[in-house]
**Student:** 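After the structure tokens below, expect a handful of questions from me.
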Amino acid sequence: MSQCDIPICNILARFRGFNVRITLEDGTVVTGELLGVSNCVVGVLQPDTVSPFTGPELALIPCTEIRFAVVEGVPPGVGFDFDNGNDDESPESS
């Protein structure tokens, strides 16, 4: 995994394997399993669609296009210290 100069992508990279909901600058919403982040591109495996049936699809999203993201199912105790200027993980409780 390579680092990116866009903070949201560096944070997302920590949640590989989690389900995410990413909203793009144009309002498009992409949901699925976060496969990873590489070279400032996020990979999301989108589930099958029923109508029309497409099967699973791989969405490749440039980090520059992400407005915001939601990570689903984050366990208690996972947090970040946003005040210290770096993006090291820190537990919310000791």
**Student:** Is there a side-chain contact between V30 and V42 (heavy atoms, below 4.5 Å)?
**Tutor:** no
**Student:** Which atoms form the tightest heavy-atom contact between Q46 and A59, and what is the distance?
**Tutor:** OE1-CB, 3.7 Å
**Student:** Can you see which heavy atom on E25 is nearest to which on T64, and at what distance?
**Tutor:** CG-O, 4.2 Å
**Student:** According to a 4.5 Å side-chain heavy-atom criterion applied to Ile, Leu, Val, Met, Phe, Trp and Tyr, with indirect links allowed, do I6 and V41 form part of one hydrophobic cluster?
**Tutor:** no
**Student:** Once salt bridge (charged side-chain N to carboxylate O under 4.0 Å, His left out) is applied, do any residues pair with E33, and if so which ones, sequence neighbours excluded?
**Tutor:** none
**Student:** Is it the case that one hydrophobic cluster holds both I11 and L35, taking links as side-chain heavy atoms less than 4.5 Å apart, direct or via other members?
**Tutor:** no
**Student:** Same cluster for V37 and V70 if Ile/Leu/Val/Met/Phe/Trp/Tyr side chains link at under 4.5 Å?
**Tutor:** no
**Student:** Heavy-atom distance under 4.5 Å between the side chains of L12 and I66, does that happen here?
**Tutor:** yes
**Student:** How about T31 and N19: do any of their side-chain heavy atoms sit closer than 4.5 Å?
**Tutor:** no
**Student:** Shortest non-hydrogen contact from P56 to L45?
**Tutor:** CB-CD1, 4.2 Å
**Student:** What closest approach, in Å, do A69 and I8 show between heavy atoms, and which atom pair accounts for it?
**Tutor:** N-CD1, 4.0 Å
**Student:** Do any N or O atoms from the side chain of D26 and from the backbone of T28 form a donor-acceptor pair under 3.5 angstrom?
**Tutor:** yes
**Student:** Mind listing the closest non-hydrogen atom pair of F18 and G73 along with its distance?
**Tutor:** CE2-O, 3.3 Å
**Student:** Given disulfide (SG to SG under 2.5 Å), test C4 with C63 step by step and report yes or no.
**Tutor:** CA-CA 8 Å; C4 180; C63 292; 4.2 Å; no
**Student:** Are more than 12 heavy atoms from other residues, nucleotides or ligands located less than 6.0 Å from atom CZ of R16?
**Tutor:** no
**Student:** Could you give me the CA-CA distance, side-chain angles and deciding distance for D5 and C40, then say whether side chain to side chain contact (heavy atoms under 4.5 Å, CB included) is met?
**Tutor:** CA-CA 8 Å; D5 290 335; C40 288; 5.7 Å; no
**Student:** Return the SG to CD1 distance between C9 and I61, rounded to the nearest 0.5 Å.
**Tutor:** 9.0 Å
